[in-house]
Amino acid sequence: MKPSLPQGTRDFAADTLRRRRYIIETIKNVFELYGFEPLETPSMENLETLMGKYGEEGDKLIFKILNNGLDNPAKKESALLNFEHILAGKNNKQITERALRYDLTIPFARYMAMNSGKLTIPFKRYQIQPVWRADRPQKGRYREFMQCDADIAGTYSLISDIELAEIYIDVFKRLKIEVDVKLNNRKILYALAEVTGSVDNINALTIAIDKLDKIGIKKVKEELASAGFSENNISLIEKYITIDGTNSEKLEKIEAIVGKTESGKKGIKELQFMLDYLNNSLSEDSKQTINIDFTLARGLNYYTGTIYEVKAKNVQMGSIGGGGRYDDLTGLFGVPDMPGVGISFGLDRIYDVMEELNLFPENINQPTEVLFFNLGEKESKHAFKLMQEMRHNNISCELFYENSKLDKQFKYASRKNIAHVVIIGSKEMEEENCVVKDLAKGEQKSIPENELLKYFNKLSLRF
RNA sequence: GUGGUUGUAGCUCAGUUGGUUAGAGCAUCAGAUUGUGAUUCUGAGGGUCGUGGGUUCGAGCCCCAUCAUCCACCCCA
C-alpha cells in the first residue's frame with residue numbers, strides 16, 4: 001500500500017510546527033492576559049448538537065461519522081431503509097449520529113449549557129483546537145485546521161466586545177502582521193433589511209452586500225435585482241454600502257438610512273459606545289486598524305450584535321479572524337438568557353500570511369545546542385557522562401551514536417543546525433579537556449572538562 | 001457541491017507527431033585523501049512514469065474511471 005494523506009490534511013514537520021507553536025503561544029499569552037481560561041472539548045460531537053447551527057451550507061460541510069455495526073447481517077434491511085433517508089438528504093441516527101466539530105463556538109455553547117450551574121458567570125474561556133470542514137481545499141483553506149477562540153458568556157456588557165477587539169490588535173501587533181480589523185453590528189444590517197422590506201430575505205441581502213469588495217458595486221446590484229429587490233430599495237442599499245469616511249463620519253451617515261428603526265438606533269449606539277472606548281484606550285497607530293464596515297455581514301446566523309472580521313494587509317488571503325456577539329446561544333440547548341461574544345483566530349491562515357510576508361523571527365528554531373562527537377568506545381562513554389551533566393543543566397545536547405568519520409558527524413551537526421560540537425578524543429581524555437568548536441565561526445578552542453558547563457551557561461544560548 | 005490545473009527517482013524538473021534497455025541537476029550511499037565539516041575526484045544504488053481499466057503490433061504520451069495536488073466559484077478561518 002502506498003502511504004498517503006486524506007484530502008486537505010497535512011503533516012507538520014519540526015520547522016513548521018515550531019512556527020505554528022510560536023503563533024499559538026502568542027495568542028494564548030494574550031488570551032490569558034485578558035483573563036480567559038483554557039478549555040478543550042472532544043473532536044466529535046453528537047450530530048444533532050451541530051446540525052442547523054451553521055446554515056444550510058454549513059450543514060453540508062460537517063464531517064459525519066458512520067455508525068459502527070452497520071454490517072450486522074441481522075439489521076441489513078433496516079440499515080438499507082435508513083440509508084434511503086440519507087440519500088434523500090435527511091440525517092438518520094441509525095446511520096450517523098456523531099460528527100467532527102465544525103468550529104469551537106457551538107461545542108463551547110454545548111459545554112455552557114451542560115455546566116451553566118457550576119460556572120462562574122461571566123465565563124471567559126479560550127480554546128485552541130483543530131476543526132474539520134468538508135470543503136474543497138484551496139489557497140488558505142484546509143479540511144483540518146486550527147482555530148483559536150476566546151469567548152465571554154453571560155454578560156451583555158459591551159466592554160467584553162471591546163476587549164475582544166483589543167485582543168485582535170494586541171495579538172497581531174505582537175506577530176507584526178499589519179491588519180484591518182473590521183467592525184459592524186448585525187442590528188444595523190437587520191435595520192437595513194427592515195427599511196428595504198426584506199426581513200424575510202435578509203440572507204440574500206447580507207450575502208450580496210458582503211461581496212462588495214470582491215465583485216464590485218455593479219455586480220452586487222445585479223445580484224440584488226435578481227434576488228427581487230426593487231429599484232428604490234437597491235438605490236437605498238447602494239447608499240448604505242457606499243458610505244465612507246472616518247469611523248465617526250460613517251456612524252453619522254448611517255443614521256440617515258437606518259436611524260429611524262429601533263434596531264438601527266440600537267446598533268448605532270452600540271458601535272458608538274465601542275468606538276468611544278477604543279478611541280480612549282488605543283494608541284494612535286492602533287486606532288487606524290479599527291474600521292467600521294457596514295458591508296461586513298458574516299455568514300454564521302447566530303450572531304445578533306457586534307461582528308468582527310480581520311484581514312491581513314499586503315497579502316491575498318481570506319479573513320484570518322472573525323467573530324461576533326450572539327445574544328442567545330445556549331437557548332438551543334435549553335438554557336435561556338445566556339448572551340455571549342467571541343472571536344476566532346485562523347492559525348493556518350495566519351501562518352500562511354506570516355510565511356508569505358516573511359514575518360517569522362530568525363531564531364524561532366531551537367535545535368540541539370551541542371553535539372558531542374563519537375570517537376570510539378571509551379571516548380563516547382566519557383562524553384556521554386559529560387553530556388548528561390549538560391542536559392541536567394538545561395542545555396540540549398546529543399551524542400553521535402556511531403563512531404563514524406568526522407566529516408559525517410560534522411555533516412549531521414550542520415544539517416541539524418547545531419551550533420557547537422564538542423570533540424573528545426584519546427588525547428583530550430588524557431589531558432582532561434575537550435575541544436569546543438563553533439560551527440558558524442569555524443573557531444575552536446580547548447577547554448578543561450570541568451569548565452565545559454560553565455562555558456555553555458555563559459553563552460546563554462536559549463532565548 | 002461546480003469548473004479548471006497538475007501528478008515521471010528522496011527533491012526540482014526534461015521526455016519530440018505514441019516506437020527498443022525512461023533522462024538531467026541536486027540529494028543519498030560507497031571509495032579516494034587529511035583526527036576537524038559545507039571543496040575536489042571516482043563510482044554506485046534508486047522509477048510497475050499516482051492508481052485501475054481501455055485503444056493499439058506497441059502507451060510516460062491517446063481515451064475512461066479513480067485518488068491526490070494547486071487554483072477559481074460557492075462558502076469560509
Side-chain angles (χ1 to χ4, degrees), chain A residues 1-10 23 27 54-62 89 101-105 128-149 168 179 203 206-208 210-211 214-215 219 223 296-301 308-312 316-324 342-353 371 373-376 379 400 403-429 434-446:
Chain A
M1 186 204 142
K2 214 177 176 179
S4 64
L5 282 173
Q7 194 177 32
T9 65
R10 298 152 296 158
I23 301 172
I27 294 172
Y54 309 107
E56 230 174 280
E57 285 296 323
D59 283 355
K60 284 185 199 160
L61 299 180
I62 294 172
R101 72 167 99 80
Y102 176 91
D103 71 356
L104 301 178
T105 307
I128 300 176
Q129 288 190 278
V131 304
W132 293 269
R133 294 186 191 176
D135 229 335
R136 278 267 187 103
Q138 67 181 64
K139 187 175 185 188
R141 175 182 298 184
Y142 308 96
R143 286 189 152 182
E144 178 181 63
F145 61 98
M146 194 72 97
Q147 287 199 325
C148 315
D149 276 32
Y168 269 141
V179 293
N203 270 340
T206 53
I207 286 173
D210 195 34
K211 288 186 202 163
K214 203 164 189 181
I215 63 175
K219 293 218 163 142
E223 204 155 303
L296 174 63
R298 300 197 52 76
L300 296 174
N301 52 13
Y308 314 83
E309 189 162 291
V310 184
K311 293 206 83 172
Q316 186 76 30
M317 180 66 71
S319 60
I320 55 177
I343 54 169
S344 183
F345 289 83
L347 172 73
D348 303 78
R349 285 187 180 174
I350 293 171
Y351 180 95
D352 290 345
V353 166
L371 177 70
F373 272 20
N374 186 331
L375 298 192
E379 291 86 346
F400 202 85
N403 176 15
S404 306
K405 286 201 288 188
L406 289 192
D407 70 327
K408 203 168 173 189
Q409 305 200 33
F410 270 117
K411 242 180 198 172
Y412 180 80
S414 57
R415 286 189 63 174
K416 279 195 80 173
N417 248 322
I418 298 173
H420 300 87
V421 300
V422 173
I423 303 166
I424 302 172
S426 46
K427 259 189 265 165
E428 286 78 12
M429 265 180 83
C434 44
V435 172
V436 177
K437 181 160 184 177
D438 181 319
L439 288 189
K441 291 181 192 156
E443 292 166 4
Q444 69 177 48
K445 52 180 131 180
S446 205

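Treat the numbers as computed from the prediction; the structure is a model and nothing was measured. For the numbers below, each heavy atom of this structure counts, side chains included, while hydrogens, waters and symmetry mates do not. Just so we're on the same page: letters track the sequence lines, and every chain starts at 1.
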Can you give me the closest heavy-atom contact between [X] and [Y], atom names plus distance?
{"X": "A:L375", "Y": "A:I424", "result": "CD1-O, 3.7 Å"}
{"X": "A:A312", "Y": "A:V179", "result": "CA-CG1, 4.2 Å"}
{"X": "A:A413", "Y": "A:L439", "result": "CB-CD1, 3.6 Å"}
{"X": "A:E309", "Y": "A:S319", "result": "CG-CB, 3.5 Å"}
{"X": "A:D103", "Y": "A:R133", "result": "CB-NH2, 3.9 Å"}
{"X": "A:M317", "Y": "A:K311", "result": "O-CE, 3.5 Å"}

Return the [atom1] to [atom2] distance between [X] and [Y], rounded to the nearest 0.5 Å.
{"X": "A:M146", "Y": "A:I23", "atom1": "CE", "atom2": "CD1", "result": "10.5 Å"}
{"X": "A:I418", "Y": "A:L371", "atom1": "CD1", "atom2": "CG", "result": "4.5 Å"}
{"X": "A:R141", "Y": "A:D135", "atom1": "CZ", "atom2": "CG", "result": "4.0 Å"}
{"X": "A:N374", "Y": "A:N403", "atom1": "CG", "atom2": "CG", "result": "5.0 Å"}

d([atom1], [X]; [atom2], [N]) in whole Å:
{"X": "A:R10", "N": "B:rU69", "atom1": "CZ", "atom2": "C1'", "answer": "14 Å"}
{"X": "A:I423", "N": "B:rG35", "atom1": "CD1", "atom2": "P", "answer": "14 Å"}
{"X": "A:L375", "N": "B:rU36", "atom1": "CG", "atom2": "P", "answer": "11 Å"}
{"X": "A:I207", "N": "B:rC73", "atom1": "CD1", "atom2": "P", "answer": "15 Å"}
{"X": "A:D352", "N": "B:rC70", "atom1": "CG", "atom2": "P", "answer": "11 Å"}
{"X": "A:Q138", "N": "B:rA68", "atom1": "CD", "atom2": "C1'", "answer": "16 Å"}
{"X": "A:E57", "N": "B:rC75", "atom1": "CD", "atom2": "P", "answer": "7 Å"}
{"X": "A:R143", "N": "B:rG1", "atom1": "CZ", "atom2": "C1'", "answer": "11 Å"}

Between [N] and [M], how far is it from one [atom1] atom to the other, in whole Å?
{"N": "B:rU55", "M": "B:rA72", "atom1": "P", "answer": "39 Å"}
{"N": "B:rC71", "M": "B:rU5", "atom1": "C1'", "answer": "7 Å"}
{"N": "B:rA14", "M": "B:rG50", "atom1": "P", "answer": "13 Å"}
{"N": "B:rA65", "M": "B:rA27", "atom1": "C1'", "answer": "36 Å"}
{"N": "B:rU16", "M": "B:rG23", "atom1": "P", "answer": "14 Å"}
{"N": "B:rA9", "M": "B:rG52", "atom1": "P", "answer": "16 Å"}
{"N": "B:rC63", "M": "B:rG45", "atom1": "P", "answer": "36 Å"}
{"N": "B:rG10", "M": "B:rU28", "atom1": "P", "answer": "15 Å"}

Worksheet item: Under 30°, 30 to 60°, or over 60°: which ring-plane class applies to A:Y54 and A:Y102, parallel, tilted or perpendicular?
Response: tilted

May I ask you to verify if any side-chain N or O of [X] is less than 4.0 angstrom from the OP1 or OP2 atom of [N]?
{"X": "A:K211", "N": "B:rC74", "result": "yes"}
{"X": "A:R298", "N": "B:rC75", "result": "no"}
{"X": "A:K60", "N": "B:rC74", "result": "no"}
{"X": "A:Q147", "N": "B:rA77", "result": "no"}

For [X], answer base if it contacts any base atom (sugar-phosphate contacts may also be present), sugar-phosphate if it contacts only those atoms, and nothing otherwise; contact means non-hydrogen atoms under 4.0 Å.
{"X": "A:L5", "answer": "sugar-phosphate"}
{"X": "A:G8", "answer": "sugar-phosphate"}
{"X": "A:G140", "answer": "base"}
{"X": "A:G318", "answer": "nothing"}
{"X": "A:Y142", "answer": "base"}

Worksheet item: Does A:R10 come within less than 4.0 Å of A:D348, counting only side-chain N to carboxylate O?
Response: yes

Worksheet item: What string of B, S and - do you get for nucleotides 37-46 of chain B, 5' to 3', when a contact is any protein heavy atom under 4.0 Å?
Response: BB--------

Worksheet entry | Closest listed nucleotide, where the reference is the side chain of A:K408 and the choices are B:rA72, B:rC74, B:rC29 | B:rC29

Response to the item:
Of the candidates B:rU69, B:rA72, B:rU36, the side chain of A:Q444 sits closest to B:rU36

Could you list the protein-to-nucleotides 2-4 of chain B atom pairs, N/O on both sides, closer than 3.5 Å?
| from | atom 1 | to | atom 2 | distance (Å) |
| --- | --- | --- | --- | --- |
| B:rU2 | O4 | A:R136 | NH1 | 2.7 |
| B:rG3 | O6 | A:R136 | NH1 | 3.0 |

Item to complete: Look only at the side chain of A:Q409 and the backbone of A:S404, and say whether a donor-acceptor pair between them is shorter than 3.5 Å.
Response: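 Yes.
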
Practice prompt. Give a yes or no answer on whether the side chain of A:R349 reaches the backbone of A:G140 with a donor-acceptor pair at less than 3.5 Å.
Written response: yes

Response to the item:
Of A:I424 and A:K405, the one whose closest nucleotide on RNA chain B sits nearer the 5' end is A:K405

Discussion item. I want to confirm an ordering. Mapping A:T9 and A:L61 to their closest nucleotides on RNA chain B, which one lands closer to the 5' end?
Written reply: A:T9

Item to complete: Measure the distance between the ring centre of A:F145 and the centre of the six-membered base ring of B:rA77, then answer whether it is under 5.5 Å with planes under 30°.
Response: yes

Item to complete: Report yes if a donor N or O on one partner sits less than 3.5 Å from an acceptor N or O on the other, where the partners are the side chain of A:R141 and the base of B:rC75; otherwise report no.
Response: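 Present.
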
Item to complete: Would you state whether a donor and an acceptor, one from the side chain of A:Q409 and one from the base of B:rU36, lie under 3.5 Å apart?
Response: no

Discussion item. Can you confirm whether the side chains of A:D352 and A:Y142 place a donor and an acceptor under 3.5 Å from each other?
Written reply: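 Indeed, the side chains of A:D352 and A:Y142 share at least one donor-acceptor pair under 3.5 Å.
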
Worksheet item: List RNA chain B stems (3 or more consecutive Watson-Crick/G-U pairs, under 3.5 Å)?
Response: B:1-4 with B:70-73, B:10-13 with B:23-26, B:28-32 with B:40-44, B:50-54 with B:62-66

